[in-house]
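Structure first, then comments.
No experiment lies behind these values; they were computed from the predicted model shown. Every number for a ligand or one of its atoms is a count from 1 in the order of the listing. Atoms considered below: every heavy atom in the structure, side chains included; atoms not considered: hydrogens, waters and symmetry mates.
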Amino acid sequence: MTMRVAVAVSGRGSNLEALLRALGADAPARVVLVVSNRADAPALERAREHGVAAEVLSDPADPAEWLDRLAHHRIDLLVLAGYLKLVPAAVIARYRDRILNVHPALLPAFGGRGMYGHHVHEAVLASGTRESGATVHLVDEVYDRGRILAQARVAVLPGDSAETLAARVLSVEHRLLPAVVLAAAAAGRPVPLPETVESSS
Ligand code: GRF
C-alpha cells in the first residue's frame, strides 16, 4: 500500500521539490498534501505544479484544523520541510512517531528555538567546527529534540559564508530526506537509516 505523505512548508520548498521528484508514480510513498502557514510560500506553487493539493492553514496553532486536513487526505506520514511554526501538541500526540523534520545541521548541535535558516549556519561558522550536515529526525513536543533517524555530513570549508555552507548542506538534505521517506514506506513506519551518508563536496 502506498504511504500517503503530507509535507508542511513555510517558504521556498526545495526539499518538497526533492521529495516530489523522488516519489514518482511507482514509488511506495506519495506526497498527497502540502500545507503551509503562509499563503505566499513559493512551495505551494511547486505543489500545484505537480498536481498536489496545496492548502493554507487558517490557524496553524489550531490542532483541530490540522487533524481535519490530515484525516481528510488519509495521511500516514507528515514531513516538516522548512516549516517554521510549532506543530500543535495534539497533532504530535495523534501522529506520534509519524512526523519527520529536516534540520540543516548535525543535531543535537545547533538546534532548538531560533535555530533556523541562516542562524544555524552562522552559529556553525562561529563555532569553528570543521563539519556540518543535515539531520532527519522524529518530531516531538520540543524543537529539534526527537529521535535522529539519519544524518549526512559535509565539510565546513575555509572561506565559507552562511550562504555557501547552506547550499552545501541543502544538497545533502535533498538526498537524505527522500531516502528516509522511502525507507519509512518500505518499513511501514519511520526507521533509522542503516548508514550515514557522507559527502565532502
Ligand atoms: C532547509 O534547510 C531545512 O533543513 C530547514 O529549512 C530549510 C528549508 O528549505 N528546516 P526549503 O524550503 O526546503 O528549500
Side-chain angles (χ1 to χ4, degrees), residues 5-23 29 31 33-50 52 54-57 60 77-87 92 99-125 129 131-156 160-182 190 193 196-197 199 201:
V5 179
V7 182
V9 293
S10 296
R12 177 179 53 188
S14 70
N15 277 291
L16 168 65
E17 186 78 36
L19 277 174
L20 289 167
R21 286 173 193 268
L23 305 178
V31 178
L33 171 67
V34 173
V35 290
S36 182
N37 59 310
R38 296 185 53 153
D40 61 350
L44 290 172
E45 202 44 50
R46 296 190 195 242
R48 293 186 188 109
E49 282 165 9
H50 285 262
V52 174
E55 301 182 359
V56 180
L57 294 161
L77 180 74
L78 172 61
V79 177
L80 311 184
Y83 183 71
L84 294 178
K85 293 260 184 204
L86 208 56
V87 175
I92 292 171
I99 308 179
L100 305 178
N101 181 49
V102 58
H103 183 79
L106 295 174
L107 292 175
F110 306 109
R113 184 173 283 277
M115 275 291 176
Y116 61 90
H118 64 96
H119 300 290
V120 176
H121 305 295
E122 282 161 6
V124 168
L125 291 173
T129 180
E131 190 176 67
S132 191
T135 300
V136 178
H137 63 95
L138 290 172
V139 172
D140 66 14
E141 286 78 1
V142 177
Y143 273 118
D144 300 330
R145 188 194 64 178
R147 182 182 181 196
I148 291 171
L149 298 180
Q151 292 186 309
R153 293 165 198 281
V154 303
V156 176
D160 259 342
S161 64
E163 289 72 27
T164 58
L165 180 56
R168 194 174 308 118
V169 171
L170 200 59
S171 71
V172 296
E173 290 182 41
H174 294 165
R175 296 205 298 274
L176 195 66
L177 184 59
V180 174
V181 171
L182 284 168
L193 287 195
T196 299
V197 180
S199 166
S201 60

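Note that CG of Leu176 and NE2 of His103 are 13.0 Å apart. Values are rounded to the nearest 0.5 Å. Remark: Leu84 CG to Tyr116 OH distance equals 7.0 Å, nearest 0.5 Å.
Note on residues 99-117: no pairs pass salt bridge (Lys or Arg N to Asp or Glu O under 4.0 Å), not counting sequence neighbours.
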- Task: Carefully, step by step, assess Ser14 and His174 under the rule side chain to side chain contact (heavy atoms under 4.5 Å, CB included).
- Result: CA-CA 8 Å; Ser14 70; His174 294 165; 2.8 Å; yes
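For Arg147, there are no salt bridge (Lys or Arg N to Asp or Glu O under 4.0 Å) partners, not counting sequence neighbours. In terms of the salt bridge (Lys or Arg N to Asp or Glu O under 4.0 Å) criterion, residue partners of Arg48 (sequence neighbours excluded) are, by chain and number, Glu45.
For ligand 1, residues of the protein lying within 4.0 angstrom by heavy-atom distance are Arg12, Gly13, Ser14, Asn15, Gly82, Val102, His103, Pro104, Leu170, Glu173.
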